[in-house]
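Reckoned from all heavy atoms, side chains included, excluding hydrogens, waters and symmetry mates. The structure presented is a predicted model; accordingly, all values stated were derived computationally and were not measured.
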Amino acid sequence: MPELPEVETIRRQLQPEIEGRSVVAAEVLDERWTRPEPPAEIERALPGRTIARVGRRGKYLMLGLDDGSTLLMHLRMTGNLLLAERDGAERRLGMDRLYPAPTSPPHLRAELELDDGRLLRFTDPRRFGHAALLSADELGPYLDARIGVEPLSEDLTPELIGRIAAGRTAPLKSFLLDQKGIAGIGNIYADEALHRAELHPLSPAGSMRAEHWRALHEGIVAALEEGLRNGGASIDDYLDSRGERGSMQDEFLVHTREGRECPRCGGPIARIVVSGRSTYFCASCQVRLRRRRRPRRRRSR
């Protein structure tokens with residue numbers, strides 16, 4: 001599933017290319033893309049609108065329009081957002097591709113035609129990706145109900161991690177996957193962040209102390225920034241807006257590296273399942289914290 005680095009990579013590529021461009025036509029080929037709203041509403045609303053800004057919150061991509069509304073898109077497990085020329089050849093931004101792309105991309109779910117003739121295409125083999133057109137008044141409440149603090153912003157501090165984790169008995173891996181706490185982290189970067197923080201994925205979130213908050217904060221930021229430097233990770237279906245793979249998978253410390261040596265201590269990397277997700281870690285150097293016991297109340301006589 002595309003996580004923050006993958007979605008932010010797409011945002012950074014699209015921003016200089018489509019900001020200021022107008023939508024000439026919109027076609028939704030899969031009604032599930034806009035469910036529960038009918039596709040016709042988006043097809044009618046987008047033409048004539050100018051893309052004023054390209055933004056991101058957590059794993060959501062946002063096309064802010066000149067009337068104050070926002071086309072909000074989530075790639076889910078296998079979605080991709082590709083910028084293509086009208087002849088169907090996906091454009092390698094800044095230079096021509098070395099090979100021709102197919103004229104009809106597989107698994108096409110929606111397509112926006114821009115005023116320069118290019119096409120913005122949403123493809124999705126498993127059809128879990130979603131889009132919603134929200135007014136200025138709807139956008140904030142919609143996002144606030146679903147996602148928490150941005151991990152690469154100044155809002156995320158070690159102390160805030162401690163407050164979010166306080167009293168939580170869920171494993172740290174599950175804690176990081178909960179988008180209502182810290183937004184944008186998924187299976188890949190949770191493993192990578194916990195390894196950097198030297199914290200076991202099964203440690204109860206509420207068992208952390210101040211030194212663990214600081215280590216986890218540093219681990220989160222370092223893992224996400226490494227993902228951004230490498231254009232995201234392409235393990236399965238992820239492609240950037242140019243139709244190209246990221247290279248973060250070549251830089252993993254633990255994720256998908258079961259049986260290999262830990263790059264820090266040389267111990268074997270293990271795989272377990274946490275919250276239904278494959279989880280990779282080093283049992284030799286990632287410390288498993290114990291659940292804190294609540295102080296007993298004294299009985300009054």
Side-chain angles (χ1 to χ4, degrees), residues 1-11 33 35-36 55-63 70-81 124 126-132 134 138-194 196-197 199 201-206 208 213 216-217 219-228 232-233 235-238 248 255 273-280:
M1 177 186 294
E3 303 178 29
L4 187 152
E6 289 75 41
V7 178
E8 177 63 15
T9 295
I10 293 171
R11 188 202 69 80
W33 194 61
R35 188 179 293 178
R56 179 195 56 77
R57 279 282 307 275
K59 301 177 187 179
Y60 287 94
L61 270 168
M62 304 186 296
L63 301 188
T70 297
L71 180 63
L72 190 72
M73 292 175 283
H74 200 300
L75 302 178
R76 301 295 179 192
M77 294 184 68
T78 58
N80 288 301
L81 196 60
D124 187 2
R126 298 191 66 178
R127 303 174 67 197
F128 292 144
H130 181 257
L134 303 175
E138 294 171 328
L139 180 63
Y142 184 96
L143 292 173
D144 291 343
R146 289 165 174 78
I147 59 176
V149 63
E150 282 289 321
L152 294 181
S153 71
E154 294 181 355
D155 295 331
L156 184 67
T157 64
E159 293 72 25
L160 180 58
I161 291 176
R163 290 197 296 272
I164 297 172
R168 297 281 297 274
T169 60
L172 277 174
K173 176 64 179 283
S174 303
F175 170 74
L176 290 178
L177 295 179
D178 183 358
Q179 299 301 295
K180 291 185 178 181
I182 304 171
I185 302 173
N187 203 39
I188 294 172
Y189 298 97
D191 286 350
E192 295 294 293
L194 288 171
R196 284 171 166 81
L199 292 172
L202 291 178
S203 298
M208 290 190 294
W213 306 340
L216 185 55
H217 179 264
I220 290 170
V221 172
L224 294 176
E225 288 183 342
E226 183 70 12
L228 284 169
I235 298 177
D236 296 313
D237 298 278
Y238 166 73
M248 179 60 185
H255 191 74
V273 177
V274 182
S275 298
R277 309 300 297 276
S278 292
T279 298
Y280 302 86

Worksheet item: Is there side-chain contact between Ile188 and Ile235, with at least one heavy-atom pair below 4.5 Å?
Response: yes

Worksheet, complete the sentence: Sequence neighbours excluded, the answer for salt bridge (charged side-chain N to carboxylate O under 4.0 Å, His left out) partners of Lys59 is none

Discussion item. Do Leu75 and Ile10 make a side-chain contact, defined as non-hydrogen atoms from C-beta onward lying under 4.5 Å apart?
Written reply: yes

Worksheet item: Among pairs that include at least one residue of residues 147-169, which meet side-chain hydrogen bond (donor to acceptor under 3.5 Å, both in side chains), considering only residues two or more places apart or in two chains?
Response: Arg56-Glu150

Worksheet, complete the sentence: Residue set satisfying side-chain contact (heavy atoms from CB on, under 4.5 Å) with Ser275, at least two apart, ordered chain then number -> Ser174

Item to complete: State whether the side chain of Gln179 and the backbone N or O of Gly58 hold a donor-acceptor pair below 3.5 Å, judged by distance alone.
Response: no

Practice prompt. Please name the residue in the list Ile220, Leu176, Thr279 that meets the side chain to side chain contact (heavy atoms under 4.5 Å, CB included) test with Leu194.
Written response: Leu176

Worksheet item: For Glu192, what residues pass the salt bridge (charged side-chain N to carboxylate O under 4.0 Å, His left out) criterion, not counting sequence neighbours?
Response: Arg196

Discussion item. Looking at every non-hydrogen atom in both residues, tell me the closest pair between Pro171 and Pro201 and how far apart they are.
Written reply: CB-O, 3.3 Å

Worksheet item: What residues, two or more places apart in sequence or in another chain, satisfy ring pair (Phe, Tyr, Trp, His ring centres under 6.0 Å) together with His74?
Response: Tyr60

Worksheet entry | His130 side chain vs Arg76 backbone, donor-acceptor pair below 3.5 Å | no

Worksheet item: Once you round to the nearest 0.5 Å, how far does CG of Leu4 lie from CD1 of Ile185?
Response: 8.0 Å

Discussion item. Ala197: which residues meet the side-chain contact (heavy atoms from CB on, under 4.5 Å) condition with it, sequence neighbours left out?
Written reply: Leu199, Ala215, Leu216

Fill in: Set of side chain to side chain donor-acceptor pair (under 3.5 Å) partners for Thr78, sequence neighbours left out
Asp124

Worksheet item: Among all residues two or more places apart in sequence or in another chain, which pass the side chain to side chain donor-acceptor pair (under 3.5 Å) test with Tyr189?
Response: Glu6

Fill in: Point-to-point distance, once rounded to the nearest 0.5 Å, from CG of Leu81 to CG of Leu63
7.0 Å

Fill in: Heavy-atom closest contact (Pro5 atom, Gly227 atom, distance)
CB-C, 3.7 Å

Fill in: For Arg127, all residues meeting salt bridge (charged side-chain N to carboxylate O under 4.0 Å, His left out), sequence neighbours excluded
Asp30

Practice prompt. First locate atom CD of Glu3, then atom CG of Leu224, and finally report the distance between them rounded to the nearest 0.5 Å.
Written response: 8.0 Å

Fill in: Stepwise side-chain contact (heavy atoms from CB on, under 4.5 Å) test for Leu228 and Leu152
CA-CA 11 Å; Leu228 284 169; Leu152 294 181; 3.7 Å; yes

Item to complete: State which residues pass side chain to side chain donor-acceptor pair (under 3.5 Å) with Asp191; sequence neighbours excluded, sorted by chain then number.
Response: Lys173, His255

Discussion item. Applying side-chain contact (heavy atoms from CB on, under 4.5 Å) to Leu172 and Met208, what does each step give before you reach the verdict?
Written reply: CA-CA 9 Å; Leu172 277 174; Met208 290 190 294; 3.8 Å; yes

Worksheet item: Listed by chain and number, what are the ring pair (Phe, Tyr, Trp, His ring centres under 6.0 Å) partners of Tyr238, not counting sequence neighbours?
Response: none

Practice prompt. For Ile164 and Phe175, work out which heavy atoms get closest and say how close.
Written response: CG2-CE1, 3.5 Å

Item to complete: Measure across Ala183 and Pro151 and return the closest heavy-atom pair with its distance rounded to 0.1 Å.
Response: O-CD, 3.0 Å

Practice prompt. Calculate, to the nearest 0.5 Å, the distance between atoms CG and CG belonging to Leu72 and Leu134 respectively.
Written response: 5.5 Å

Response to the item:
Heavy atoms of Pro2 and Val7 approach each other most closely as CB-CG2, 4.3 Å

Can you list, pair by pair, the side-chain donor-acceptor contacts under 3.5 Å of residues 138-146, counting residues two or more places apart and other chains?
residue: Glu138; atom: OE1; partner: Ser135; partner atom: N; Å: 2.8
residue: Glu138; atom: OE1; partner: Ser135; partner atom: OG; Å: 3.3
residue: Arg146; atom: NH1; partner: Tyr142; partner atom: O; Å: 2.9

